[in-house]
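Structure record follows, encoded as structure tokens.
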Amino acid sequence: MGSFRRWKFLVALILSLITITNSKSSYKYDGSLFSSKELDYDETDTKAMGSVFSKYMADSDAQLILDLDVFRHFFNYAEAYRDGAEEGNLELMKYAVEMVEKLREFDISMACVGDMMHLAWTGVEYATHVEEHKNCSDCKCTPLFQQKKSERHWIFNVFDAMGKVPAGIMSGNNLWVGSWSTCRKIDVVKNAQGATEAAVGTQSVCNVDVECRAESYSDAMSQNSFAMFALYFLIATVVLVAFGTLFELLIVAKNPEEAEESKAFKHWFIKFIMAFSMYSNGSEILQSKKNDREINSLHGVRFLSMCWIILGHTYYYIGTSLTTDNLVPTLINFPKQFHTQIIVQAPLAVDSFFFLSGMLAAFSFFKKSMKAHPDHPPKLSALNFITWPMYYWKRFCRITPTYAVVMLFDVTLFSYVSNGPFWRPIEKQGCRIAWWTNFIYMNNFLLQDKECCMGWTWYLANDMQFHWVLMPLLTITFLKFGMKAGLGLSGGLVALSSLIRLAITLIKGYPPAPILTAKLQIVHQLNDYWNDVYVRPYIRCTPFIVGVVVGYLLNAWTSREQKDLKIKLEPKTVLIGWCCSTVLGLYAVFGLFWFAKTGDISKPWEILYTVFGTPAYALALGWVVFACTTGNGGPVDTILSWRLFVPLSKITFCAYLLHPIMLQIYNLSRPQPFHFTTFVQMIRYTVEAVFASYTLAFFFSLAFEKPFNKIDEMLFDSKKMMNGEKGKSNEMVPLNKRVRDSE
């Protein structure tokens, strides 16, 4: 569910790194470093360095961590500069000033040049005082010189904190982070360079994302009115949660009969306050009772699929954060191992959610229409035109408020939760351009070239579009024209989707799936592949269609009088189903192992996987859920229907929205580069990420998702309108009484 956009810059950065490493030094010396001979700086050097600045530093959207030739010499001899300052070597200090002067010839901001010049001139002043102190014959002058030296002694902390050229350059280690903690301790008042820069009228090209800030992050947040609004909103929500919880525990729980009968307790304001009760919301989330007339295995499928996505995103966000010191060999060697195909093929886990979305919605629609009691038909059915606008509105209202709150915090509060040499806002442009495309669920089509706001939410756009088009089309076909027509249309749509994908893949030269290979083909094509294939609904619709079919069959092959969804199948049929499902699932996950290992694939195998890879996974998953729901799942059903998965399943939507933010905060908060070691290492990070994401999701669901859903029911009682129910609301009934009544 993530964006692949950063890989394009990563490849360019690696290539530029190799070029810079192989290039000659920009400065030539005659004799030693301490020679006073004029620098030999020719046009070739200027062209090489200028191209680096214009190509990689001019793009403010790209992260660059000081791997430039112009700084290499300065950092290499930082130790010599420090010794020169201590020894009073004025010639060397003046040479440092000359080198900084060269920066003015390039498209570098005056603020950056000013910072470098301030450091160099302070070194000159320090060396001057050291030299003068050598000639001091009067002991009274010593304290004065010591004071002057002490005022400028911070330059040694700069040299100490400064990033040095690391080992493993050819492995992609271009991270010269130095010591963040030492850098933070340096407190120097320097000349104001902001107005300097404004006078020149140039944009800050040297303003890389790695920086050492003297001001506190809380002060920076206080200057952001939007962030302060988000903070006040969060505080108000916490107050509402506390008030609603205390109101239920101290008043409603002690007067259950009065709460159920009194009109005062049914006032809209009381209901609004109660919607935020942590006690009720938490109890509803943690309740794990199973219903034999529902699809209990979906809880295990939902949670385990989310864990699979987090596993893939753990690797993905570490790699694309550009905070890894051995990324190149990892990218090349990682796909060569058989077991890593589980990670490489993590995008298949997204198809699980498309399947579940289609199946649950279709199951509900078909159940209301096909199993409604003749004396109590639903007011609105799938064949009623008015049903669908209401259905769209209900789905929009259920998802969008929580989605909006996550986006609000993503672009505001989450930008101030940490710091470090790699730290930067998660949304670089703050979603200022494309935020509205997310809320009309068209962000997989609109403004993709301008901004990708919360890139992992392309899934929500696809899912909403499936419900706009495919849900009414398939539901009405099944109900109006029968099973054969519905199955025929479903099969035709799946075939059409596969053929469209095949045509685009062959014409554009894309790989059969978005997987990492030893030759890194997908890295070069990810940006185009993302726009043309990965986020397009006509490519991703197959699992949703299979889900609708499974939802229909679960209703068509069971009767209205049944108290469960059990279907008696012949043992031979069950065995064939599980064998086919296993083969299809293994093919979908491991069918491209040789391609991943070598980077080579035959044309027939490429066409075969392009056409059948996604349908194979969808059919395999469809059988698993169908068999488990109908009593033919055996131990697989026992695992997927485990009661522990029920509460985790309920908060998976919030975990989906929040886990990429958690991963990026973790990756960007490190003081030192990350180093890939073993698969076990990444499993540990994944377990930590799952735990952290679901913990945050639990509290987020308590404070936002559950209250929003209850407020939505207050304003728009879709259950009564869709089902014709006349039952009274249970909003003010204590939760323990609701549970007893349901039993």
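Model, not experiment: these values are computed from the prediction.
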Taking [X] first and then [Y], would you say they form a salt bridge - that is, a charged N and a carboxylate O separated by under 4.0 Å?
X    : Y    : value
D463 : R395 : yes
K394 : E713 : yes
E284 : K710 : yes

Check your understanding: After noting the C-alpha distance and the side-chain angles of S280 and E248, does the key distance pass the side chain to side chain donor-acceptor pair (under 3.5 Å) rule?
Key -> CA-CA 8 Å; S280 288; E248 179 174 14; 2.5 Å; yes
Pair [X]-[Y], side-chain donor/acceptor within less than 3.5 Å:
X    : Y    : result
H659 : S693 : no
E451 : W435 : no
R302 : S649 : yes
N444 : Y534 : no

Review point. Quick one: does Q448's side chain have a donor or acceptor within less than 3.5 Å of a partner on N443's backbone?
Key: yes
Practice item. Ignoring hydrogens and angles, tell me if any N or O in the side chain of N438 forms a donor-acceptor pair with the backbone of C453 under 3.5 Å. Key: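 Confirmed, N438 side chain pairs with C453 backbone.
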Review point. Between F544 and H467, does the ring centre distance come in under 6.0 Å?
Key: yes
Review point. What about the rings of Y317 and Y666, do their centers lie closer together than 6.0 Å?
Key: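 Centroid distance Y317-Y666: not below 6.0 Å, so no.
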Check your understanding: Between atom CZ of F704 and atom CG of N709, what is the distance when rounded to the nearest 0.5 Å?
Key -> 13.5 Å
**Study point:** Y403 and Y441 aromatic ring geometry - parallel, tilted or perpendicular at 30°/60° bounds
**Key:** tilted
Check your understanding: Would you say V548 and F363 make side-chain contact, with heavy atoms under 4.5 Å?
Key ->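 The answer is no; the side chains never approach within 4.5 Å.
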Practice item. Please report the shortest heavy-atom distance between I309 and A349, naming the atom on each side. Key: CG1-CB, 3.4 Å
Exercise for review: Verify the neighbour count for atom CZ of R684: are there more than 12 heavy atoms of other residues, nucleotides or ligands below 6.0 Å?
Suggested key: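 Yes, CZ of R684 has more than 12 neighbouring heavy atoms, counting only those of other groups under 6.0 Å.
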Point to revise | Neighbour count >12 (heavy atoms, 6.0 Å) for atom CH2, W468 | key: yes
Check your understanding: Does NZ or CZ of R540 lie under 6.0 Å from the centre of the six-membered ring of F354, at an angle within 45° of the ring axis?
Key -> no
